[in-house]
Every structure is written in structure tokens, then in C-alpha cells.
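Please read the structure below before turning to the comments.
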Amino acid sequence: ICNAALSGILLSMLFSYPLQNVTILVVLGLLLAIKISLFQGNKSFSISTNWSKYINALLVLLSVCTLWFSIQYLQKTRQWKAAYDCSQNGKPGYPDQYKKLFPFLKFDRAFLFNYGSILHEAKMYNECICHFVDYQQNFQNIEGLMILADCYDQVGNYEEAEKIYLQACNTIPNRFVPNYFLFQLYTKTKQLDKAVSLAGKIKEMKVKVYSESVKYIKTEISDFLINNK
């Protein structure tokens, strides 16, 4: 039973992330404890036969639950992929598909981030803000910060947008894009002093990886500084 349950968990790891589920972690810990005890030669656990039957029945039940969860998770991830394909092909209704999957996949960090991105893409900015604020501890990365800042910008909350853009800039100081978006916010809100100061900083930033977007940013910043001496 132990070997079968452990094999089931290991097999499910090939298709999903079962260790993100607390129940499966508890089951895994119990199974490993039993295996260690058996390895040490204490096969009886010093318990009665009746208790052994109960423990065996519990292990069977836990193994079945683990297998059921793994199958369900695999099905939901396939539905997630189908919803993602719909979003990429421009088919309507994909935000609702994500919403239905959310209760089951809310422990998956990749899904949480993708769901937030989908809300932003669908221009559901208030919903996207709530989502990222509630689950920001799961994806404290620059991409998530940029999406959240843009959502605040789109709904007219420029103070929060500036705060999040600054956080993104400080996360990776040598990245051009966060600084450029913050610069655009300053020009949009007519904060000329801040825009000029940030433009000077961007102009002095060294290019580590050349790209067309960096070239465009450098050109626009130079033109801005020339026109705002």
C-alpha cells in the first residue's frame, strides 16, 4: 500500500504540482514515516491487529483521494490550456472559463499569474487589481507589478500606479521598460519635473541587451530632453 501510494504521488508530479496541496503533503509525510519505520525493522509499530486494519484502511482511502485529486488536477489543467488557447485566438468567454477553474487551481502560482494577465488583457482592470492585490505574495515579480501598475493607471488611480511602478523600477534598477512606463505616467499626469529627472536617469542607463524597444526608448527620451531643456 505504501509503495503504491508513493508511486501515485510521484507519478502525479509528472503532470501537475501535487506538493502545493497541503493534504497531499500530510499524506506524503505519513507514508514516508511508515517507510522509514519499516526500513528500521519496526514493522508492527507496536499496535494491535485491529488498529493495523484501521491504519491500512486509512492509507487506502488516502491513496484513493490522492489519485482522485491528481486525475482532477490533470483534467483542470487541460481545461486551463483550452481556456488559454481561446484567449490567444480571440474567442469570447475565456475570462468566464478561467473564473470557473479558479476555485480548483487557486493554489497553482502559474495559474494565478496567468489568470491575472487574462483579466488585464480583457480590460477587466478593477477585477485584475483585486486579484493581484489578494495574491501578490504568490508572484512578486516585475511582470506582475507592471500589470498591476497599468491597471491602476487605466482606472485613473495615478498615485497607486506611481507607487507600483517605482516598486518595479527598484526591483530591477537597470531595466528600461519599468522606468519608461513610469516616465510616461509622469508626462501623462503633467508632472514635468519628475519626468525630466527620470528622463535624465534613463538617458544615462547603460544598455546591457540591445533591442528595438530599448532603441525606441532611448530615442524618445533624447527628444524629450531636447524639447524640455
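In this structure, CG on N157 lies 10.0 Å from CG on N126, to the nearest 0.5 angstrom. The line from CG of L101 to NZ of K81 is 13.5 Å long, rounded to the nearest 0.5 Å. Rounding to the nearest 0.5 Å places CZ of R175 at 14.0 Å from CG of N170. The CZ atom of R109 lies 10.5 Å from the CG atom of N141; values are rounded to the nearest 0.5 Å. One finds the CG atom of L198 at 11.0 Å from the CD atom of Q184 (value rounded to the nearest 0.5 Å).
Ring orientation note: the planes of Y98 and F111 are close to parallel, at an angle under 30° on the 30°/60° scale.
In summary, the aromatic rings of Y158 and Y152 are positioned with their centroids too far apart to meet the 6.0 Å limit. You'll find the ring centres of F183 and F224 inside the 6.0 Å limit.
Checking side-chain atoms of H131 against main-chain N and O of L112 turns up a donor-acceptor pair under 3.5 Å. With hydrogens and angles ignored, the 3.5 Å screen pairs no side-chain donor or acceptor of S197 with any backbone N or O of K194. Counting only distance, with no hydrogens or angles, the side chain of K100 and the backbone of P95 share no donor-acceptor pair below 3.5 Å. The backbone N or O of K203 sits less than 3.5 Å from a side-chain atom of K218, completing a donor-acceptor pair.
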**Stepwise side-chain contact (heavy atoms from CB on, under 4.5 Å) check, Y186 with V196** = CA-CA 9 Å; Y186 287 150; V196 171; over 6 Å; no

**Request:** Test K163 against E160 for side-chain contact (heavy atoms from CB on, under 4.5 Å), laying out the working first.
**Result:** CA-CA 5 Å; K163 177 181 176 182; E160 282 298 319; 3.8 Å; yes

**Request:** Just do the side-chain contact (heavy atoms from CB on, under 4.5 Å) check on I172 and N174 with the steps written out, would you?
**Result:** CA-CA 6 Å; I172 307 180; N174 59 350; 3.1 Å; yes

**Message:** Pair F132, H120 - check side-chain contact (heavy atoms from CB on, under 4.5 Å), show working.
**Reply:** CA-CA 10 Å; F132 272 91; H120 178 256; 5.7 Å; no

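The pair D153-K188 counts as a salt bridge, with a side-chain nitrogen and a carboxylate oxygen less than 4.0 angstrom apart.
In this model, a donor atom of one side chain and an acceptor atom of the other lie less than 3.5 Å apart for N114 and W80. A donor-acceptor pair shorter than 3.5 Å cannot be found between the side chains of N89 and Y94. A side-chain donor-acceptor contact under 3.5 Å links E220 and Y180.
Taking 4.5 Å as the limit, some side-chain heavy atom of L166 sits within range of a side-chain heavy atom of E162.
Across all their heavy atoms, L105 and T77 have their closest contact at CD2-CG2, 4.5 Å. Shown here for E121 and S87, the closest heavy-atom pair between the two residues is OE2-O, 3.5 Å. Among all heavy-atom pairs drawn from Y165 and P178, the shortest one is CD2-O, 4.5 Å. Among all heavy-atom pairs drawn from A161 and A149, the shortest one is CB-O, 3.5 Å. When all heavy atoms of V209 and V214 are compared, the pair lying nearest together is O-CG2, 4.1 Å. Listed here is the closest heavy atom pair of C86 and Q97: SG-NE2, 3.9 Å.
Both F176 and Y210 belong to a common hydrophobic cluster when Ile, Leu, Val, Met, Phe, Trp and Tyr are linked at side-chain heavy-atom distances under 4.5 angstrom.
For CD of Q88, the number of neighbouring non-hydrogen atoms (other residues, nucleotides, ligands) closer than 6.0 Å is greater than 12. The neighbour count for Y216 OH, taken as heavy atoms of other residues, nucleotides or ligands under 6.0 Å away, does not exceed 12.
Of the residues V133, I147, V155, the one that meets the side-chain contact (heavy atoms from CB on, under 4.5 Å) test with C128 is I147. Under the side-chain contact (heavy atoms from CB on, under 4.5 Å) test applied with I202, the options L182, L225, I221 reduce to a single match, I221.
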